[in-house]
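Note that this is a predicted model, so its numbers are computed, not measured.
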Amino acid sequence: MARVGWLVLLLAASGCATARHDLPKVDPLQGLAAEWVSDASGSVPVPSLLSLIPDPRYEALARRALENNPDLAVTGARVAESSALLRAAVSSRRPKVALSASGQEQEGGGNTSTSVAMGLDFAWEIDVWSRLADQKGREYLLHGALEADLRAAQTSLAARTLQTGLEVVSARQQVELEERRITSLRRTVEVIEDRYRRGLEPVADWDAAQAELASAEANALSIQLDLGVAETRLRVLLGDLSRSDLGSLPSSFPEVSFAQPALPLEALGNRPDVASAIASLQAEALGIEVARKALLPRLTLTGSIGLGGESLNDALKSDPVWSVLGALAAPLINRAELLAEHAASQHRRQVAAYEYRSILSVAVGEIDDALAAEGTLAAQIPYLERAVDHAHRTRASFADGYRRGLVDILDLLNSQRTAFAAERDLLVSQAELLTNRVELGLALGLEAAS
């Protein structure tokens with residue numbers, strides 16, 4: 001009767017563990033636009049980010065970064081540490097068994113006696129309420145979130161490496177373009193000097209051409225600096241401290257595929273940052289159950305088996321002495337602390353839900369922005385190509401007119417400036433289109449490599 005009374009008391013003391021402090025629920029998909037569940041036409045299957053650019057030189061760069069980037073190595077080491085700690089945590093919940101052995105020799109009254117004892121002790125918490133199972137599941141989910149973070153770091157690094165490689169190629173082409181402009185201006189200066197010596201042009205024309213040339217040479221230095229900065233960023237991504245030559249990159253832009261999934265919601269499911277947020281949300285939901293069940297009684301079995309005798313041989317032949325004890329215990333003194341932890345776990349779950357919602361919103365925005373940029377840049381380029389064509393013809397016409405004395409030097413210099421500016425605008429838009437396609441692949445959740 002007394003044992004029943006204690007059991008009732010323990011269960012009554014734990015009864016409020018089932019009470020929940022409900023907080024406002026969060027629907028992560030609430031408000032998602034209807035078109036995000038509709039089919040999208042014109043999709044091209046692309047297995048990975050590296051397959052976006054069918055050029056082995058870009059793939060080699062990205063793989064170098066994935067192998068040597070120190071920040072990625074740090075993330076990988078943390079995931080490996082988490083895996084080791086997870087194995088240790090899982091092992092700690094198995095039954096604990098300890099083996100002991102002792103020997104003793106005593107002298108008294110001229111006699112010597114010896115005794116040998118061996119024992120096996122064990123303790124095991126029976127998971128009556130599945131608290132330990134929930135805790136194990138939560139740790140697996142948190143580890144899964146870390147693994148997803150590692151995949152996110154890998155995909156981000158691969159994308160940034162490809163994009164920076166494209167920026168280096170773009171900067172090199174801009175340097176080449178500015179060098180052609182300088183060469184053209186120098187030829188113009190030579191023509192003006194010749195006409196000036198023959199008394200056909202005033203010195204003001206020569207001054208205007210020299211000013212334009214000096215401005216172009218100064219701008220060339222600025223573009224060279226931009227190229228150096230882009231190459232430095234690429235070396236940092238590659239984890240390269242040797243300042244090795246990056247000349248293996250091509251001199252012209254490669255083809256970059258445009259990829260779009262059949263279902264935009266599928267893209268959200270493929271993104272590792274979304275997967276990490278989902279795993280964290282599920283882990284914190286289990287954390288609520290772990291904290292709630294910590295308020296319930298725990299059933300623990302302990303026992304021991306012992307052998308003893310005057311010698312090791314006698315001990316091994318002796319009958320074992322064993323005992324088993326079951327204990328049911330419920331928290332009483334630290335209940336306030338456990339109740340506070342239970343309330344905190346609910347708030348942690350709510351934080352994880354809001355973080356998931358935030359990541360989902362960012363993901364939708366990134367895909368929307370990349371798709372919009374694709375449409376705008378792809379539409380701009382034909383206009384820019386036409387602008388370059390017309391600007392070159394205008395420059396040739398003004399150059400011919402200037403040689404015949406029909407065009408002012410300022411008009412000639414302006415036509416040259418306009419032609420090279422049109423080429424630069426086209427170059428910049430082409431680079432933006434290609435880097436945006438890599439950004440779109442990243443936003444759609446493509447893996448770093450297949």
Applying side chain to side chain donor-acceptor pair (under 3.5 Å), name anything that partners [X], two or more places apart in sequence or on another chain.
X: Arg181; answer: Glu178, Glu212
X: Ser156; answer: none
X: Ser280; answer: none
X: Glu439; answer: Arg160, Gln163

So, using salt bridge (Lys or Arg N to Asp or Glu O under 4.0 Å) as the criterion, who are the partners of [X] when residues are at least two apart?
X: Arg186; answer: Glu217
X: Glu447; answer: none
X: Arg395; answer: none
X: Arg187; answer: none

Under a 4.5 Å cut-off applied to non-hydrogen side-chain atoms, are [X] and [Y] in contact?
X: Leu185; Y: Leu413; value: yes
X: Tyr354; Y: Ile359; value: no
X: Ile409; Y: Ile192; value: yes
X: Leu446; Y: Ser48; value: no
X: Leu61; Y: Leu162; value: no

If you round to the nearest 0.5 Å, how far is CZ of Arg437 from CD1 of Ile53? 11.0 Å

Distance check, rounded to the nearest 0.5 Å: Arg172 atom CZ versus Asp226 atom CG? 14.0 Å

Apply side chain to side chain contact (heavy atoms under 4.5 Å, CB included) to [X] and list each qualifying residue two or more places apart in sequence or on a separate chain.
X: Glu193; answer: Val189, Arg197, Trp206, Gln210
X: Ala449; answer: Leu50, Arg63
X: Ala152; answer: Pro272
X: Asp411; answer: Phe398, Val407, Asp408

Do side-chain atoms of [X] reach the backbone of [Y] as a donor and acceptor pair under 3.5 angstrom?
X: Arg57; Y: Leu249; result: no
X: Thr161; Y: Leu157; result: yes
X: Gln173; Y: Ser251; result: yes

Using a strict cut-off of less than 4.0 Å between a Lys/Arg side-chain nitrogen and an Asp/Glu carboxylate oxygen, indicate whether Glu289 and Arg292 qualify as a salt bridge. yes

